[in-house]
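Counting convention: from 1, in listed order, for ligands and their atoms alike.
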Amino acid sequence: MAASSSSSSSLLHQPHLSFTSKSSVQQPVRRPTVVRASTDSNSNSSSSNNATAKAAAAAVTFSKGSNIRDEARRHNVVHSHRFSAKYVPFNADPACDEFYSLDEIVYRSQSGGLLDVQHDIAALKHYDGAYWRSLFDSRVGKTTWPYGSGVWSKKEWVLPEIDSDDIVSAFEGNSNLFWAERFGKSFLDMNDLWVKHCGISHTGSFKDLGMTVLVSQVNRLKKLNKPVVGVGCASTGDTSAALSAYCAAAGIPSIVFLPADKISLAQLVQPIANGAFVLSIDTDFDGCMQLIREVTSELPIYLANSLNSLRLEGQKTAAIEILQQFDWEVPDWVIVPGGNLGNIYAFYKGFHMCKELGLVDRIPRLVCAQAANANPLYLYYKSGWKDFKAVKANTTFASAIQIGDPVSIDRAVYALKNCDGIVEEATEEELMDAMAQADSTGMFICPHTGVALTALNKLRKSGVIGKSDRTVVVSTAHGLKFTQSKIDYHSKNIKDMACRLANPPVSVKADFGSVMDVLKKYLLSKAPKY
Ligand SMILES: Cc1ncc(COP(=O)(O)O)c(C=O)c1O
Ligand SMILES: N[C@@H](CCOP(=O)(O)O)C(=O)O
């Protein structure tokens, strides 16, 4: 089946085909035509992937005064969307015919259950896994709008129908996958341990991945004159930071509900600085979540928490990115800290789509790591998935996951059951020691990553995770957002905690002799013992 060879489109590395119905397709897997700017060259099946990569690499030249958006607009003029997505009830019976357009404002199914974004997998399958791998790879490291983003480089799998012009992006994603060589060898006897630093991002957490998608869709809804005046969320700090930044970039009002005195100063200042309407409420995250759900059903405020399944479409790209960074080799384990539990499902979904669409042949086992002070999923797992009870979440240094009644509990259970997953927990002392250990090897992680590292430590000790298993720990936020916890730890200022890895500064008199004395003592303690 020939692709649209007659097009003189200047589409740059877009899947660009005029589909006939699947029954008329001769080849089970069709290859794309890649049309380079003004060359109108058709590729045949054997050269298509190369052509894709070359087209992507073609330099974008700007006419004077134009920008990357203008350039994308020129390339997209004749783009007709071949892929689509819709909301369906989460994990519904295949016979269920309930669905909603993504342009509708809906967060729950008729029965009150969660929704999921369902892609037209049959349309995506018109391209083989090699095509998708090559297309995604070709977009990394470019400034082409919007594909320079790690999320939008997978646009066809995220929000296929949105106009690139409506996208609000900070070129998020493409985060560092760090080989934790010293940490792995010194503390875990592992040589293939990796940390996916999702917190090295625009607002300092993985929330940017989902928020670019959600705010872009809101931008579109506003243009479609849908009743949206602002966008709101409940937050333990990171969702609100991402929401307010993306809304500010798009000129959309944002409203954030924060539990008073339960988030870090660095997180609190982000929405304030970005001009959000900030409500500090005398309750916990679960209380804020309940309130925002009630408010968004009464007022024209669009809900930005991960109850809204749009968010997870962006977050799932971190999983695809991990595979891409390993040159499409599948790791054995991926460990994710869990709170409201959207992200663990997002990872599962990203990996599962890659398998379903032939980019890889298996998916990793997932581990969800919770703070013992906020562990409803862990307790549920330990009960053999028999008895879910929301808990009252206690204070934890992993404050962004201090959540007792996670909205995505069903999504998390589904994900874990379908990948032979595991749930682990970390006490306050365990997570703080793990964070200090990791930092002592050159990282600067957040306490939530300390929770994930504790889970890894326990699974290594019990032999569940093997010495040479390729393992990825997902670091969800930047350590700089949580400096107070590190200060408390290193000043041994935490009640009932030994802080055994504390490294407090040494006060010394301002004279040469005193400085020499402390330095000699230090060097002796570090010198090799012969
Ligand atoms: C830094 C950080 N890590 C982990 C999580 C947990 O993600 P999820 O709520 O999707 O389980 C959150 C938010 O909840 C977070 O802000
Ligand atoms: N950690 C989150 C809690 C809310 O989670 P969400 O993914 O449902 O928005 C935060 O930073 O607010």
Per-atom contacts of ligand 2 with [X], taking only distances under 4.0 Å to non-hydrogen atoms:
X: Gly237; value: 10 (C), 11 (O), 12 (O)
X: Ser235; value: 10 (C), 11 (O), 12 (O)
X: Phe285; value: 3 (C), 4 (C)
X: Asp238; value: 10 (C), 11 (O)

Nearest-contact summary for [atom] - protein heavy atom, Å:
atom: atom 5 (O) of ligand 2; result: Lys207 NZ, 3.4 Å
atom: atom 8 (O) of ligand 2; result: Ser306 OG, 2.6 Å
atom: atom 7 (O) of ligand 2; result: Arg311 NH2, 2.7 Å
atom: atom 9 (O) of ligand 2; result: Thr239 OG1, 2.7 Å
atom: atom 1 (N) of ligand 2; result: Thr236 OG1, 2.8 Å

Compute whether any side-chain donor of one residue and acceptor of the other, for Ser175 and Lys196, lie under 3.5 angstrom apart. yes

What I want to check is whether the side chains of Gln217 and Lys222 have a donor and an acceptor closer together than 3.5 Å. no

Can you find a pair of side-chain heavy atoms, one from [X] and one from [Y], that are under 4.5 Å apart?
X: Pro337; Y: Gln370; value: no
X: Arg500; Y: Asp433; value: yes
X: Cys368; Y: Val336; value: no
X: Tyr380; Y: Ile409; value: yes

Aromatic rings Phe90 and Tyr345: how do their planes relate, parallel, tilted or perpendicular, breaks at 30° and 60°? perpendicular

Measure up the Tyr348 and His352 rings against each other and bin them: parallel (under 30°), tilted (30 to 60°), perpendicular (over 60°). parallel

Heavy atom of [X], distance to ligand 2 below 4.0 Å:
X: Met289; result: no
X: Gly342; result: no
X: Gln267; result: no

Please determine if Gln315 has a nitrogen or oxygen closer than 3.5 Å to a nitrogen or oxygen of ligand 2. no

Distance-only N or O hit between ligand 2 and Ala400, under 3.5 Å: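 For ligand 2, there is an N or O atom that lies under 3.5 Å from one belonging to Ala400.
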
Can you tell me which residue among Gln402, His448, Glu428 is in a side chain to side chain donor-acceptor pair (under 3.5 Å) with Thr396?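 So the option named by the test is Glu428.
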
Within 6.0 Å of CG in Asp282, more than 12 heavy atoms from elsewhere: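 Not more than 12 within 6.0 Å, no.
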
Within a reach of under 6.0 Å around CG of Asp93, are more than 12 heavy atoms found that belong to other residues, nucleotides or ligands? yes

Side chain to side chain donor-acceptor pair (under 3.5 Å) between Ser309 and Asp116: does it pass, once the steps are laid out? CA-CA 6 Å; Ser309 45; Asp116 197 20; 5.5 Å; no

Could you see which bit of Asn340 sits under 4.0 Å from ligand 2, with heavy atoms only: side chain, backbone, both or neither? side chain

If you look only at pairs with a residue in residues 223-252, which of them pass as a salt bridge (Lys or Arg N to Asp or Glu O under 4.0 Å), with sequence neighbours excluded?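 Those involving residues 223-252 are Asp166-Lys223, Asp238-Lys481.
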
Sort out the contact shell of ligand 1: every protein residue with a heavy-atom distance below 4.0 Å, listed by chain and number.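 Under the 4.0 Å cut-off, ligand 1 touches Phe206, Lys207, Asp238, Pro337, Gly338, Gly339, Asn340, Leu341, Gly342, Asn343, Ala400, Ile401, His448, Thr476, Ala477.
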
